[in-house]
Amino acid sequence: LIAEGRALRPNDFVGEPEPAVPHSIESCPFCRGNEHATPHELALVNDDQGNWLVRVVPNKYPAVDLASGGREPPAGLAACASDARDLRPPLACEPARGVHEVIIESPRHVRDWTELSSEELATVLRVFRDRIEHAYKAHQMRSALIFKNVGQAAGASLEHVHTQLMALPCVPEVLMREVQIAADHQERTGKCLMCELISDELRQGTRLIAENERFAAIAAYAGRQPYEIWVVPKQHASSFTQLGEEESQRLAAILGETLSLLHSVLAPLASAGDLRPPLAYNVVLHTAPVGEARFAAFHWHWELIPRTTSLAGFEWGTGMFINPVSPERAAIRLRALKSGEKLPIQ
Ligand SMILES: [Zn+2]
Ligand SMILES: [Zn+2]
Ligand SMILES: [Zn+2]
């Protein structure tokens, strides 16, 4: 995606970090009272007094939008191409059409999900579900990605707790690969790969970090970064748009618990001192795209990826990752923290 408007984004990390988090910050566009600093909201969840709890706004610096006309073709090729779509690879391009929204998850100036109550986080999760549904139905999008960047190393430009929704008229490569693998497995065996994986992980237990009636949190078998965790529904469900009321509460509980454990295990390693959260991480929701029957083989899941190591030449050059902490060791340390045991050194 080429999106030059993105260069204009604010960066409130520049300068000295605040030692403590105040209740609200005068200059923060996401705090209650500063609603004029963002575009008009697309959706709201209010409390009984009519104060907002969750606010959805268009991204002020969108990477995609609904009216995008696409790039100008390069000069030499423009003459022979009546339309940018006529360009042949390697210079083909499509208009960057899509939906790019920001979900402001609290009116309070807090920095991550561990500072929301389980109830508040459950409400936020239901807003994600409804906005994905909206992008599919109202704007005919085919795929939707919910993602969260927390901390500078994870690409956040504002610290106030928020998440982004990007919905596209196509299916991005990473998601398509996962969908393809799921669909192939289903066709070959008649079973869901993720359902099989989860029941194996639950039986075996070596990578299991937390579970409740509905969900399991597992140290990813082939984690790209140390402590990469997947949170997966135990029952098969292809799309996050199917999330029920009770499930949203269970999911909030396990996401909150897992993130708290990540904070505890990684805080001592972070160099940022007592700035909360010292942990930089990305959270990504993978949910089935729409439009083809085989997409039902997909099994939705969250991927939590702490950013403790940075991506360098090897990763850019190969698409492979070097992870210095095995998932089994990560799970041992996280489970030990949960039961209050002393953290094993190794
Ligand atoms: Zn704020
Ligand atoms: Zn499944
Ligand atoms: Zn995935």
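When a ligand or atom number is given, it counts from 1 through the structure's own listing order. Count residues from 1 along the sequence.
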Student: Tell me which one of Lys338, Lys234, Arg250 satisfies salt bridge (charged side-chain N to carboxylate O under 4.0 Å, His left out) with Glu211.
Tutor: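 Filter result, single survivor: Lys234.
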
Student: Charged N to carboxylate O under 4.0 angstrom, Arg126 versus Glu245?
Tutor: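 Yes, charged N to carboxylate O under 4.0 Å.
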
Student: Within rounding of 10°, what is the angle whose vertex is the Zn ion (ligand 1) and whose arms end at ND1 of His109 and ND1 of His160?
Tutor: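 Angle ND1(His109)-the Zn ion (ligand 1)-ND1(His160): 110°, rounded to 10°.
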
Student: Return the name of the atom in His236, of element N, O or S, nearest to the Zn ion (ligand 2).
Tutor: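 Closest N, O or S atom of His236 to the Zn ion (ligand 2): ND1.
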
Student: Should Arg108 and Glu115 count as an ion pair when the cut-off is N to O under 4.0 Å?
Tutor: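 Salt bridge: no.
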
Student: Yes or no on side-chain hydrogen bond (donor to acceptor under 3.5 Å, both in side chains) for Glu105 and Thr163, after CA distance, side-chain angles and deciding distance?
Tutor: CA-CA 7 Å; Glu105 299 166 302; Thr163 289; 2.8 Å; yes

Student: Are Arg55 and Glu101 within salt-bridge range, i.e. N to O under 4.0 Å?
Tutor: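 Salt bridge flag = no for Glu101 with Arg55.
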
Student: Can you list the protein N, O or S atoms less than 2.8 Å from the Zn ion (ligand 3)?
Tutor: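 The answer is Glu178 OE1, Glu178 OE2, His286 ND1, His301 NE2, Glu303 OE2.
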
Student: Among pairs that include at least one residue of residues 163-214, which meet ring pair (Phe, Tyr, Trp, His ring centres under 6.0 Å), considering only residues two or more places apart or in two chains?
Tutor: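 The answer is none; no pair qualifies.
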
Student: Of all the N, O or S atoms in His299, which one sits nearest to the Zn ion (ligand 2)?
Tutor: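 In His299, the N, O or S atom with the shortest distance to the Zn ion (ligand 2) is ND1.
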
Student: Is the distance between the ring centroids of Trp113 and Trp302 under 6.0 Å?
Tutor: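 Judged by ring-centre distance (under 6.0 Å), Trp302 and Trp113 do meet the cut-off.
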
